[in-house]
Amino acid sequence: MSADFTPKSDFLRILTERGYIHQASDMAGIDAAAQEGRLTTYVGYDCTAASLHVGHLLSIMMLHWLQATGGKPIALMGGGTTRVGDPSGRDESRKILTIELIDANKAEIRKTFDRFLRFGEAGNDAVMVDNAEWLTKLNYIEMLRDIGRHFSVNRMLSMDSVRLRLERDQELSFLEFNYMILQSYDFVELNRRYGTILQMGGSDQWGNIVNGIDLGRRMGTPQLYALTCPLLTTSSGAKMGKTAAGAVWLNPEMLSPYDYWQFWRNTEDADVARFLKLFTLLPMDKVARLAALGGAEINEAKKVLATEATALMHGREAGEAAAETARKTFVEGSLAADLPTITVPGSVLEAGLGVLTAFGPEHAKLVPSTSEARRQIKGGGLRVNDVQVIDDKAVLRLSDLTADGVIKLSFGKKKHVLLRVG
């Protein structure tokens, strides 16, 4: 993006000032289309899990701002491409999922988009479509003749998603090799069906998006455009959305609103201003005031970030409830009733539940493995009922239940789960 380019459209102005733009194929062309009200735009999401994660939020927010400024967003579900698997950024093939599981994942993911986009039949209402509608109907010979002939194997081998896998001597299946062809064809098909002229995505998708533009040109579509957002890392270099306990899921059944709030509350000081711009709808003047806070006051800005991001994802009530739970837990020192809760049969505590298992992925999910639980115990990081665990062979029993009928499991000072008997 040219440093001296000044957007005239509200869409690119907002994306520019909030820091969403990494690369664009033609900023002037995109800007003109936005001004003229013809910016129908899509982002593709494969259905590899029952939830998207925080790493997907940038492109989802871009679709939100697109619709808020008059553009028409299309959320493309990869019911077809998920059957192949995107090789980008991976050293091994993705697990092949059943069609039934892909459809189930798609249904869960739709719930996330309902929070950010307005779906309907009129004007710039958002549309959700599935590329299985056209990809599963392709005849292989016809695809090779009509689509495949436009692709150079030499160029495909130079793409990062392929080149890096080969350089590391990691196997790349012929199935995965075809992924970029299918993604490129999605762009052409969406242009034919909906007049889509812009594809957005993470910066790792730049090559695939540009391939779609090139395929469209060869197959006679109008001018197509590309716009990517950065792949975010925190100021310390960590990949955005990854924690010791795993991915930061958007589905509340996979990560509670309280834990989601805590993720944002734990933002590094240097990232607060940037994340307020990217992951909330707060006006820029308020963002500037919060970003100016220094010293201990930066924690107030983090609480605002956490509450606003949680409200956007899970609703205002959930955001406020998470903030109040944190206040009661950490300021008042009380045991808030709406902390994340797990239930185990009474027989489990009668027999004795090892602390490593209790904190691990089978129960509280505060740590990703029993070995990590053991490591945290050595470092003094795990507590039961606010008492530090010092023995990795310790066992939880019915006698550990508090007067409230729970056992409080804590990882550090900010992550807590209540264990109840059911």
Item checked: Geometric class of the W264/F275 ring pair [parallel <30°, tilted 30-60°, perpendicular >60°] -> perpendicular
Next item on the list: Could you check L356 against I377 for side-chain contact (heavy atoms from CB on, under 4.5 Å), going step by step and ending with a plain yes or no?
Entry: CA-CA 9 Å; L356 298 180; I377 288 173; 3.8 Å; yes
Notebook entry, point to check: Quick check: does any side chain N or O of K302 sit under 3.5 Å from a backbone N or O of T267, one acting as donor and the other as acceptor?
Noted result: yes
Notebook entry, point to check: What distance separates L66 CG from N124 CG, expressed to the nearest 0.5 Å?
Noted result: 8.0 Å
Notebook entry, point to check: Can you find a pair of side-chain heavy atoms, one from V417 and one from F411, that are under 4.5 Å apart?
Noted result: no
Check: Can you tell me how far CD1 of I21 sits from CD1 of I30, rounded to the nearest 0.5 angstrom?
Finding: 7.5 Å
Check: Is a side-chain N or O of T310 found less than 3.5 angstrom from the main chain of G319, in a donor-acceptor match?
Finding: no
Next item on the list: Using modelled atom types only, decide if a donor and an acceptor are shared between the side chain of R18 and the backbone of K277 within a distance under 3.5 Å.
Entry: yes
Next item on the list: Would you mind checking if D400 and R397 are paired as a salt bridge, meaning a charged N to carboxylate O distance below 4.0 Å?
Entry: no
Margin query: So does E253 get a backbone contact from the side chain of N251, meaning a donor-acceptor N/O pair under 3.5 Å?
Written below: yes
Note to self: Whether the side chain of H56 engages the backbone of H53 through a donor-acceptor N/O pair (distance < 3.5 Å, no angle test) should be reported.
What the structure shows: yes
Margin query: Cation-pi check for F119 against R110: NZ or CZ below 6.0 Å from the six-membered ring centre and within 45 degrees of the axis, yes or no?
Written below: yes
Notebook entry, point to check: Out of curiosity, L255 CG to W261 CH2, how far, rounded to the nearest 0.5 Å?
Noted result: 14.0 Å
Item checked: Contact summary for I209 and A226, nearest pair of heavy atoms -> CG2-CB, 3.3 Å
Check: For D46 and G78, which heavy atoms make the closest approach, and how far apart are they?
Finding: OD1-CA, 3.5 Å
Item checked: Check: N191 side chain, T221 main-chain N or O, donor-acceptor pair, under 3.5 Å -> no
Margin query: Looking at every non-hydrogen atom in both residues, tell me the closest pair between I147 and I181 and how far apart they are.
Written below: CG2-CG2, 3.9 Å
Next item on the list: Compute the ring centroids of Y45 and F113, then answer whether they are less than 6.0 Å apart.
Entry: yes
Note to self: With a 4.0 Å cut-off on N to O distance, would you call R316 and E308 a salt bridge?
What the structure shows: yes
Next item on the list: Please assess T228 against H22 for the test side chain to side chain donor-acceptor pair (under 3.5 Å), listing each intermediate value before the final yes or no.
Entry: CA-CA 5 Å; T228 61; H22 176 74; 5.1 Å; no
Note to self: One thing to verify: whether E133 and R193 come together as a salt bridge, which I'm taking to mean a side-chain N less than 4.0 angstrom from a carboxylate O.
What the structure shows: yes
Note to self: Donor-acceptor pair, distance only, cut-off 3.5 Å: does the side chain of Q23 make one with the backbone of C229?
What the structure shows: no
Next item on the list: Start with the C-alpha gap between Q205 and Q183, add the side-chain angles, then the distance that decides, and say whether side chain to side chain donor-acceptor pair (under 3.5 Å) holds.
Entry: CA-CA 10 Å; Q205 294 297 316; Q183 181 173 333; 3.2 Å; yes
Margin query: So that I can tick it off, tell me whether D10 and R13 are bridged by a salt bridge, with the cut-off set at under 4.0 angstrom between side-chain N and carboxylate O.
Written below: yes
Note to self: Taking D130 first and then K106, would you say they form a salt bridge - that is, a charged N and a carboxylate O separated by under 4.0 Å?
What the structure shows: yes
Check: Is there a side-chain contact between M313 and L250, using heavy atoms and a 4.5 Å cut-off?
Finding: yes
Next item on the list: Walk me through it: do Q67 and K72 pass the test side-chain contact (heavy atoms from CB on, under 4.5 Å)?
Entry: CA-CA 6 Å; Q67 186 172 46; K72 186 177 183 67; over 6 Å; no
Check: Rounded to the nearest 0.5 Å, how far does CG of N299 lie from CG of L305?
Finding: 12.0 Å
Next item on the list: Answer yes or no: is there a side-chain heavy-atom contact under 4.5 Å between E350 and L398?
Entry: yes
Next item on the list: Flag the pair F116 / L63 as yes when at least one side-chain heavy-atom distance between them is below 4.5 Å, and no otherwise.
Entry: no
Item checked: Spacing of L382 atom CG and K415 atom NZ [to the nearest 0.5 Å] -> 11.5 Å
Checklist line | Shortest non-hydrogen separation from G212 to S184 and the atoms involved | finding: N-OG, 3.5 Å
Notebook entry, point to check: Sub-3.5 Å donor-acceptor pair from the side chain of D31 to the main-chain atoms of P7, do we have one?
Noted result: no
Notebook entry, point to check: Do R38 and I197 touch side chain to side chain, with heavy atoms closer than 4.5 Å?
Noted result: yes
Next item on the list: Would you give the length of the straight line joining atom CD1 of I14 to atom CE of M62, rounded to the nearest 0.5 angstrom?
Entry: 12.0 Å
Checklist line | Side chains of R274 and L232 in contact at under 4.5 Å (non-hydrogen atoms) | finding: yes
Margin query: Go through it in stages, so that I can follow the logic: the residues are T136 and R83, the test is side-chain contact (heavy atoms from CB on, under 4.5 Å), and I'd like the CA-CA distance, side-chain angles, deciding distance and then a yes or no.
Written below: CA-CA 10 Å; T136 57; R83 304 183 195 187; 3.5 Å; yes
Margin query: Under the criterion side chain to side chain donor-acceptor pair (under 3.5 Å), I'd like the reasoning laid out for S59 against Y20: C-alpha separation, chi angles, the key distance, then a yes or no.
Written below: CA-CA 8 Å; S59 62; Y20 288 102; over 6 Å; no
Check: Between L227 and L12, is any pair of side-chain heavy atoms under 4.5 Å apart?
Finding: yes
Notebook entry, point to check: Does any non-hydrogen side-chain atom of L409 lie less than 4.5 Å from one of L366?
Noted result: yes
Check: Can you check side-chain contact (heavy atoms from CB on, under 4.5 Å) on V406 and L419, steps first, answer last?
Finding: CA-CA 5 Å; V406 299; L419 185 150; over 6 Å; no
Notebook entry, point to check: At their closest point, which heavy atom of L190 faces which heavy atom of T196, and how far apart are they?
Noted result: O-OG1, 3.2 Å
Note to self: Test your reading of the model: is there a side-chain donor-acceptor pair from N266 to the backbone of Q262, 3.5 Å cut-off?
What the structure shows: yes
Next item on the list: Using atom types as modelled and distance alone, determine if a side-chain donor or acceptor of N105 lies under 3.5 Å from a backbone N or O of C47.
Entry: yes
Notebook entry, point to check: Which heavy-atom pair separates Y258 from A326 by the least distance, and what is that distance?
Noted result: CE1-N, 3.9 Å
